[in-house]
Amino acid sequence: MAGGVDLPVVDLASPDPRAAAASVRQACVEHGFFYVTNHGVDGALIEAVFAESKGFFDLPMEEKMKLQRRNYRGYTPPYAEKLDASSEFVDLKESFYIGPIGESDLQNDLNQWPSEECFPSWKETMKLYIATVLDTSKRILSLIALGLDLDAEFFHKIGALDCPSTFLRLLHYPGEVNESDCGNYGASAHSDYGAITLLVTDGTPGLQICREKDRDPQLWEDVHHIDGALIVNIGDLLERWTNCVFRSTLHRVVSVGKERYSVAFFLDPNYDTVVRCIESCCSEADPPRFPPIRSSEYITGRINSTYK
Ligand SMILES: O=C(O)CCC(=O)C(=O)O
Ligand SMILES: [Fe+2]
């Protein structure tokens, strides 16, 4: 069994933003994962999201399959995905994806929603949660920018936060798994694609991180639950922006014999953003490791190799 890892805890209401930015930087350099407290996401809203999510996953399979994933939005059943594209096994989780939500319902909404008749508050609850965590994510990105010696508004100013590509993934992992599932993970090893991810779980263990992707054998450490805190992790595009100064850490969810729910919010930059090495992260001795890439190109490439 893996040992636990002590991840830094960052107080988003800290009266000293420079100190908060320094601890965010250290967390991103050393772990690529940290907790945030005083994040402004109400506990009652989080509970409501979990209750609505459970309500949907409790439906009979044929009902859930009516909203099967289209345009990367909707339901995916157990065994349908593997986040580790190189793995021979498939993931045990089932999930539901909600993509970017426009300013008004008149805008083209590619999302699929459970019927209002059966789930009268589902859509509004998810929309409120997405708007709230988007706000929190922007505050975290300001601290990240400060921690990189950039203007706090850097990501805004380059347009990365104009209509960002936000995705909410509701997740449900089975409790007991049968013998034929041996070798399958709840969610197999992967890094997230975009800028940052905000994760909230129901407190059931299972999440693990591997800080050295290339170490052999890999060392996997448990991420503990802290009541009231959100878990934040760095995605690949922020790793590219920072020339690997920040880590897009490999993570996975193992089965612990207990049902588990979680909700992951992915903040990916505006699709037209060109992600190029930030000046403070390279030098003559440490030149850019990646060529500039349009956010849409990178993310589409990763999605296509995961969801063939
Ligand atoms: O369920 C979790 O704790 C992690 C989920 C995750 O890593 C993901 O959806 O990308
Ligand atoms: Fe992830």
Side-chain angles (χ1 to χ4, degrees), residues 4-14 17 19-28 30-54 93 95-98 125-147 155 161 164 166-173 186-187 190-209 221-235 238 246-249 251-253 260-268:
V5 57
D6 267 332
L7 297 174
V9 181
V10 177
D11 178 0
L12 289 189
S14 162
S23 55
V24 165
R25 181 189 168 95
Q26 192 180 354
C28 296
E30 290 178 7
H31 304 276
F33 266 75
F34 54 99
Y35 302 98
V36 288
T37 55
N38 289 315
H39 40 66
V41 191
D42 193 34
L45 177 58
I46 295 176
E47 266 176 41
V49 169
F50 275 92
E52 300 285 7
S53 167
K54 180 171 185 324
K93 64 177 165 47
S95 33
F96 192 96
Y97 295 79
I98 303 168
T125 304
M126 297 305 165
K127 280 174 75 171
L128 178 60
Y129 183 73
I130 290 168
T132 311
V133 284
L134 174 58
D135 207 54
T136 304
S137 308
K138 288 178 177 173
R139 285 162 58 205
I140 297 170
L141 275 179
S142 292
L143 291 177
I144 285 178
L146 281 179
F155 293 104
L161 298 176
T166 59
F167 268 84
L168 191 71
R169 180 190 275 162
L170 310 174
L171 291 142
H172 174 221
Y173 300 87
H190 66 283
S191 57
D192 295 344
Y193 316 149
I196 56 173
T197 304
L198 266 60
L199 177 71
V200 51
T201 80
D202 63 359
T204 307
L207 177 63
Q208 299 184 328
I209 62 171
E221 298 171 287
D222 291 320
V223 175
H224 300 303
H225 173 75
I226 298 186
D227 258 346
L230 301 180
I231 299 170
V232 181
N233 65 283
I234 300 304
L238 200 54
F246 286 6
R247 290 156 186 252
S248 168
T249 301
H251 54 285
R252 68 184 183 188
V253 177
R260 181 175 188 274
Y261 291 86
S262 65
V263 177
F265 173 76
F266 304 98
L267 177 63
D268 301 341

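Worth knowing before you read on, the calculation uses all heavy atoms, side chains too, and leaves out hydrogens, waters and symmetry mates.
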note = d(I130 CD1, T166 OG1) to nearest 0.5 Å is 6.0 Å
query = Roughly how far, to the nearest 0.5 Å, is the NE2 atom of H224 from the CD1 atom of I231?
reply = 11.0 Å
request  = Working to the nearest 0.5 Å, report the span between CG of L230 and CZ of F265.
outcome  = 11.5 Å
inquiry  = Going by side-chain hydrogen bond (donor to acceptor under 3.5 Å, both in side chains), name the residues that satisfy it together with D11, two or more places apart in sequence or in a different chain.
reply    = N38
Contact summary for D268 and G194, nearest pair of heavy atoms = OD1-CA, 3.1 Å
ask   = Are F50 and L170 close enough that some pair of their side-chain heavy atoms sits under 4.5 Å apart?
value = no
ask   = Would you call I144 and I196 a side-chain contact if the rule is heavy atoms closer than 4.5 Å?
value = yes
ask   = With side chains defined as the heavy atoms from C-beta onward, is the minimum distance between T132 and D42 less than 4.5 Å?
value = no
message = I'd like to know if the side chain of H39 reaches the main chain of G228, judged simply by a donor and an acceptor atom lying under 3.5 Å from each other, with no hydrogens or angles considered.
response = yes
task = Say whether, by atom type as modelled, one donor and one acceptor occur between the side chain of R247 and the main chain of G32 under 3.5 angstrom.
result = no
task = Write down the atom of S23, the atom of V10, and the distance for their closest heavy-atom approach.
result = OG-CG2, 4.0 Å
ask   = Can you tell if the side chain of H172 reaches within under 4.5 Å of the side chain of S53, non-hydrogen atoms only?
value = no
ask   = At what distance, to the nearest 0.5 angstrom, does CG of L199 lie from CG of N233?
value = 7.0 Å
key: Min side-chain heavy-atom separation I140-F34 under 4.5 Å   = yes
query = Would a 4.5 Å heavy-atom cut-off, applied to side chains only, mark F33 and V5 as touching?
reply = no
query = Does the side chain of K93 reach to within under 4.5 Å of the side chain of V253, using non-hydrogen atoms?
reply = no
key: Test salt bridge (charged side-chain N to carboxylate O under 4.0 Å, His left out) applied to K54 - qualifying residues, sequence neighbours left out   = D58
query = For the atom pair CG (L238) and CG (L267), what is the distance rounded to the nearest 0.5 Å?
reply = 10.0 Å
inquiry  = Show the nearest heavy-atom pair for residues G235 and S248, with the distance to one decimal.
reply    = C-OG, 3.4 Å
request  = Look at the side chain of S95 and the backbone N and O of R169, then say whether any donor-acceptor pair between them is shorter than 3.5 Å.
outcome  = no
inquiry  = Run the side chain to side chain contact (heavy atoms under 4.5 Å, CB included) test against S142 and tell me which residues pass, sequence neighbours left out.
reply    = A152, E153
task = With sequence neighbours excluded, tell me which residues meet side-chain hydrogen bond (donor to acceptor under 3.5 Å, both in side chains) with H251.
result = H190, D192
task = Apply the test side chain to side chain contact (heavy atoms under 4.5 Å, CB included) to residues V223 and Y35: give CA-CA distance (whole Å), side-chain angles for both, the deciding distance (0.1 Å), then the verdict.
result = CA-CA 10 Å; V223 175; Y35 302 98; 3.8 Å; yes
Derivation and outcome, side chain to side chain contact (heavy atoms under 4.5 Å, CB included), residues I209 and L7 = CA-CA 11 Å; I209 62 171; L7 297 174; 4.1 Å; yes
ask   = Rounded to the nearest 0.5 Å, what separation is found between the CG atom of L141 and the CG atom of L146?
value = 11.0 Å
For E47, all residues meeting side-chain hydrogen bond (donor to acceptor under 3.5 Å, both in side chains), sequence neighbours excluded = none
query = Side chains of D222 and P205: does their closest heavy-atom pair fall under 4.5 Å?
reply = no
query = Is the side chain of R260 donor-acceptor paired with the backbone N or O of T204 at a distance under 3.5 Å, no angle test?
reply = yes
remark   = Heavy atoms of F155 and A145 approach each other most closely as CE1-CB, 4.0 Å
ask   = Taking only residues two or more places apart in sequence, or in another chain, which ones meet T125 in a side chain to side chain contact (heavy atoms under 4.5 Å, CB included)?
value = L45, A48, V49, E52, S121
